Protein chains: 2
Amino acid sequence: MNLKQLAHMLALSQTTVSRALNGYPEVNEETRRRVMDAAKRHGYRPNPSARRLATGKTGMIGYVLPTGAAVDIDPHFVEFLSGLGDYARSHELDLVLSPADADDQETTYRRIVANRQVDAVYISSPRPADRRVALLNTLGIPFIVHGRSEGFDFDYAFLDIDNEGAFHEAARLLIQLGHRRLALINGDDRETFAIHRERGMRRALATTGLVLGERHICSLTMTEENGYRAARRLLEQSEPPTAIACSSLIMSLGVVRAVRDLGLSIPGDLSLIAHDDVFPWLKPENFPVPLSTTRSSIRLAGARVAERLAARISGLEEGARGEVWPVDLVVRGSVAGAPT
Amino acid sequence: MNLKQLAHMLALSQTTVSRALNGYPEVNEETRRRVMDAAKRHGYRPNPSARRLATGKTGMIGYVLPTGAAVDIDPHFVEFLSGLGDYARSHELDLVLSPADADDQETTYRRIVANRQVDAVYISSPRPADRRVALLNTLGIPFIVHGRSEGFDFDYAFLDIDNEGAFHEAARLLIQLGHRRLALINGDDRETFAIHRERGMRRALATTGLVLGERHICSLTMTEENGYRAARRLLEQSEPPTAIACSSLIMSLGVVRAVRDLGLSIPGDLSLIAHDDVFPWLKPENFPVPLSTTRSSIRLAGARVAERLAARISGLEEGARGEVWPVDLVVRGSVAGAPT
DNA sequence: AGAGTCTTCCAAAGCGCTTTGGTCGTTTTG
DNA sequence: CAAAACGACCAAAGCGCTTTGGAAGACTCT
């Protein structure tokens with residue numbers, strides 16, 4: 001059932017039927033009802049391929065997926081996707097993942113924009129002065145950055161959490177508990193979120209005249225194994241930290257293992273606070289010692305990004321609005337006063 | 001730059017240019033070269049929207065993503081996606097995720113097929129007599145099932161691992177080590193993989209006259225918390241198992257925690273074997289006691305599914321070919337002879 | 001030499017929608 | 001009361017590609 005048939009069967013022109021269906025004003029309400037009704041009864045659905053050729057609108061959100069044998073997709077992605085998908089569903093939006101060589105994403109971005117393959121895109125894991133942001137800005141497609149980039153002479157739309165504030169608060173708590181030697185196990189420090197977390201921590205330390213020494217900071221991709229390595233490196237120093245802030249729950253698994261291996265205990269010898277993106281399959285309260293966390297649901301972020309993307313597509317949101325979410329500090333058993 | 005312009009500038013018809021570009025035989029080699037050359041020089045890329053309207057081909061693989069506030073996307077998905085994406089990239093295929101109400105995916109499948117939104121789709125986490133398989137079969141779109149369904153009067157294409165064989169081998173090993181009270185911590189037992197694993201284990205036990213009692217089997221979604229709960233339930237029985245086979249590494253984290261909480265040890269009091277889908281961020285060899293596993297890279301499966309999907313799209317693969325991959329049994333420190 | 005056969009190209013008809021630029025009555029307005 | 005404005009509808013021109021159904025010329029065959 002296509003438009004032509006439907007129009008013919010209603011003894012109307014395609015123009016009128018099309019307009020009736022798309023809510024244009026220049027059509028009699030009575031006629032509109034007739035059309036709507038017939039469309040529903042016959043299960044008419046406009047062919048998206050035809051529509052997109054005519055309008056350029058696709059009803060799809062794009063994401064360029066860096067791939068390669070050595071490239072691992074972040075497990076956070078799936079949670080973000082849960083939120084994004086949940087919202088997208090309610091608005092009949094699909095998500096298209098365009099795999100790209102991790103070292104040359106630009107070509108892919110150019111392609112999907114030039115080909116009008118999607119109405120909007122989002123970017124994740126941005127870095128300072130991220131080229132993707134600059135590119136999309138010049139290409140002129142609606143986009144939102146999940147996270148933040150920095151150092152541009154233009155503004156852009158983003159959704160980020162207050163990473164700096166979160167780790168500032170975490171560090172402040174630890175300092176208040178008497179800790180003086182703090183360490184940070186961070187994610188990839190080329191990414192903005194990691195830079196912000198480090199900055200937050202440094203700021204908290206600075207107010208007490210403390211510094212975060214080179215020896216007290218690790219920055220690695222967020223795997224259990226790297227968490228373990230980092231923790232061992234930190235704890236086997238001559239003056240080991242008495243408290244660690246860790247950027248990920250997964251890494252924290254490794255930290256906990258290292259602490260055990262070294263015959264230490266949490267929070268007796270070491271206080272630990274980790275960032276929790278809220279996975280359904282790994283909860284901080286279920287750690288051997290319930291883990292204190294800075295918490296922010298990445299799933300909610302996914303839904304919000306979808307919502308804003310949809311708003312941008314339909315012209316309801318404009319301008320370079322940045323949105324920063326506060327982060328909860330949830331205190332559990334893994335922190336205690338500094339050992340004396 | 002569109003076809004019309006290119007044709008005009010070459011003083012050829014659109015027909016000829018189109019055919020030259022698409023490798024049709026009825027065009028002079030010399031002409032073809034000229035066309036190809038000009039196309040490259042001017043960076044001509046056929047507009048996919050137009051092409052798909054004309055041909056119905058989209059260059060996209062589809063996946064219906066069950067969503068909802070209470071629905072969690074399986075973290076395995078992201079690894080599978082890594083493989084799928086890696087292959088898809090090399091063949092200029094995109095992946096479109098169509099979010100659907102988890103309780104009504106049929107509508108979405110019908111939509112993407114009726115609208116010709118994708119060239120092929122794949123299905124994951126199938127159950128016996130999975131309605132999606134039956135549906136796609138009647139809808140007549142190329143598809144591949146990752147995993148297996150059962151109980152149809154038709155065949156279909158799938159890629160699965162030998163879950164039954166894997167757990168058969170795992171159980172056999174444990175039995176050989178003298179274990180008599182084995183338990184299984186399984187995934188959702190409505191899914192085929194879980195059924196097959198249980199079957200494999202029962203078969204191994206049966207050869208020694210043993211059975212897997214109701215009290216020795218748990219089946220839950222694969223989270224750390226559920227692993228913990230299951231392990232406690234099993235181990236706090238009057239006659240607790242001396243060996244456990246577990247369907248997931250994530251659940252195994254919970255098992256290990258439970259064992260600790262109960263003051264038991266691995267492998268002294270309990271032998272443990274888990275299935276490993278090979279995550280980059282959680283490795284069995286890094287468990288407190290290195291974990292024995294049945295191993296099969298889900299990432300490789302993703303790449304293979306993409307490859308076969310591509311083959312089906314281009315007509316290179318036909319028929320209902322089922323492919324079953326063997327699973328490695330990797331023995332590490334978490335198994336030992338049964339306690340006396 | 002005339003009939004067939006290739007080879008190489010083209011004009012034009014789709015694909016199914018949106019949108020432009022009307023037309024034709026009917027109402028309002030100065 | 002003529003002119004302007006409006007309401008409701010339509011025919012046809014795109015969108016940019018593929019594909020059908022030739023056509024023109026060169027070549028082969030009997």
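Proteins come first, then strands; the chains are lettered A, B, ... in the order of their sequence lines, and each starts at number 1. Everything numeric in this text was worked out from a predicted model, so none of it was measured.
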Q: Rounded off to whole Å, could you give me the CG-to-P distance for the L3(B) and dG14(D) pair?
A: 17 Å

Q. To the nearest Å, how far apart are E30(A) CD and dG7(D) C1'?
A. 15 Å

Q. Any sub-3.5 Å donor-acceptor pair from R312(A)'s side-chain atoms to I144(A)'s backbone N or O?
A. no

Q: Using whole Å, report how far CZ of R51(B) lies from C1' of dT19(D).
A: 13 Å

**Q.** Nearest-nucleotide pick for T55(A), side chain only, options being dC17(D), dT19(D), dT18(C)
**A.** dT18(C)

Q) By a strict heavy-atom criterion of less than 4.0 Å, which residues belonging to residues 12-22 of chain B are in contact with DNA chain C? A) L12(B), S13(B), T15(B), T16(B), R19(B)

Q) Taking only residues two or more places apart in sequence, or in another chain, which ones meet H8(B) in a side-chain hydrogen bond (donor to acceptor under 3.5 Å, both in side chains)? A) none

Q: Among dG16(D), dC9(C), dT18(C), find the nucleotide with the atom closest to the side chain of N2(B).
A: dG16(D)

Q) How long is the line joining NZ of K4(A) and P of dT18(C), in whole Å? A) 15 Å

Q: Could you work out which one of dG16(D), dC17(C), dT18(D) sits closest to the side chain of L53(A)?
A: dG16(D)

**Q.** Between dC17(C) (P) and Y24(A) (OH): distance, integer Å
**A.** 15 Å

Q) Rounded to whole angstrom units, what separation is found between the CD atom of E29(A) and the C1' atom of dC9(D)? A) 15 Å

Q: Let me know the distance between CD of E26(B) and C1' of dT18(D), rounded to the nearest Å.
A: 12 Å

Q. Where along residues 31-44 of chain A does a heavy atom fall under 4.0 Å from DNA chain C?
A. Y44(A)

